[in-house]
Amino acid sequence: MKEKLVIGNWKMNKTFEQADDLIGDIFDLLKGFHKTTEVVICPPSLYLELATDYADAEDSNFRIGAQNCSEYKNGAYTGEISAEMLSEMEVEFCIVGHSERRKYFGETDETVAKKVDRLIEQNIIPVVCCGEQLEERKAGKHFEIVEKQVKESLFHLPANHFEHVVIAYEPVWAIGTGETATPAQAEEMHAFIRSLVEKQYGADVAYNLYILYGGSCNPKNALELFSQQDVDGGLIGGASLTASDFVAIVEAGDTAVKDN
Ligand code: 13P
């Protein structure tokens, strides 16, 4: 089993002072911890410089990601932040296509595909989210929905670019609800996504792809989820806002690899 990746998505939470405290606490807890799990923290954009300062410090054990970027390169797009700006800020990852952005800000597979291109141009790793709504699962359409999202936002990429993306499966009904997908449900969908990638890009690219699970992942359920063959780690919302919970999930990543 390959090493895990755990990404914390803080969403629109924390004052500057609280963010400073949280990232400082995570820094301290991870310092000197010989983990194998790769850790990425995605704070709100205004705190990225604070976060990258921590990530640059000696003994730092994590990397930094953004939660969004513009689909445009630059120009008259008031309020937007470009991939180039993120790159200058030493941001290494960026979440795109999160269901909250699809729901509240009209993000579509087409805009996600453009954002992916902007990020790859800047050598930033896109973390592309996909996942079905509850009604879609109840109607048995979850595979179809996820297939469309994955193909339309990513399959325009040549293999050498696709190698630099991460996919996060986040069933919408599990986000912030306390209702987690069962390990079997997560594994079934992750294996399906990997099979799509294998058909398009071949077995090596598919094997090396990181497919993260997101949706009410916490210190209690992380180990069982991460022990599934095709679950390469997690995209963590609520539990990433408490340093001890987040680090416990990182530890679950290490344990899952050791035990398998
Ligand atoms: P929760 O962990 O709060 O359910 O959020 C998941 C998520 O949306 C991460 O991007």
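All values below were derived from every heavy atom in this structure, side-chain atoms included, with hydrogens, water molecules and symmetry-related copies excluded. Counting convention: from 1, in listed order, for ligands and their atoms alike.
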Does Ile236, backbone or side chain, put an N or O under 3.5 Å from an N or O of ligand 1?
-> no
Non-hydrogen atom of Ala239 closer than 4.0 Å to ligand 1 | no
Using a strict cut-off of 4.0 Å, indicate which atoms of ligand 1 neighbour a heavy atom of Asn9.
-> 9 (C), 10 (O)
Distance to 0.1 Å, residue and atom name: give those for the protein heavy atom nearest to atom 2 (O) of ligand 1.
-> Gly237 N, 2.9 Å
Would you check whether Ala174 reaches within less than 4.0 Å of ligand 1, judged by its heavy atoms?
-> yes
So is there a nitrogen or oxygen of Glu100 less than 3.5 Å from a nitrogen or oxygen in ligand 1?
-> no
Could you tell me whether Lys2 sits above the aromatic face of Tyr207, with NZ or CZ closer than 6.0 angstrom to the six-membered ring centre and within 45 degrees of the axis?
-> yes
Salt-bridge criterion met for Arg194 and Asp230 (N-O under 4.0 Å) = yes
Partner of Asp117 under side chain to side chain donor-acceptor pair (under 3.5 Å), picked from His156, Lys73, His161, is His156
Could you tell me the residue and atom name of the protein heavy atom closest to atom 9 (C) of ligand 1, and the distance to it rounded to 0.1 Å?
-> Glu170 OE2, 2.9 Å
Ranked by distance from atom 3 (O) of ligand 1, the top protein heavy atom is Gly238 N, 2.8 Å
For residues Val247 and Leu30, determine if any side-chain heavy atom of one lies less than 4.5 Å from a side-chain heavy atom of the other.
-> yes
Got a salt bridge between Arg63 and Glu92, using NZ or NE/NH1/NH2 to carboxylate O under 4.0 Å?
-> yes
Sidechain N-carboxylate O distance under 4.0 Å for Asp21, Lys14 = no
Please could you name the atoms of ligand 1 that Leu235 approaches to less than 4.0 Å, counting only its heavy atoms?
-> 9 (C), 10 (O)
When you check the gap from the basic side-chain N to the acidic O, do Glu144 and Lys148 get nearer than 4.0 Å?
-> no
Atoms of ligand 1 close to Gly176 [distance to a heavy atom under 4.0 angstrom, numbered from 1] = 1 (P), 3 (O), 4 (O)
re atom 5 (O) of ligand 1, the protein heavy-atom contact at minimum distance is Lys11 NZ, 3.3 Å
Ligand-side contact atoms (ligand 1) for residue partner Gly215, heavy atom cut-off under 4.0 Å = 4 (O), 6 (C)
Any salt bridge between Lys141 and Glu136, counting N to O under 4.0 Å?
-> no
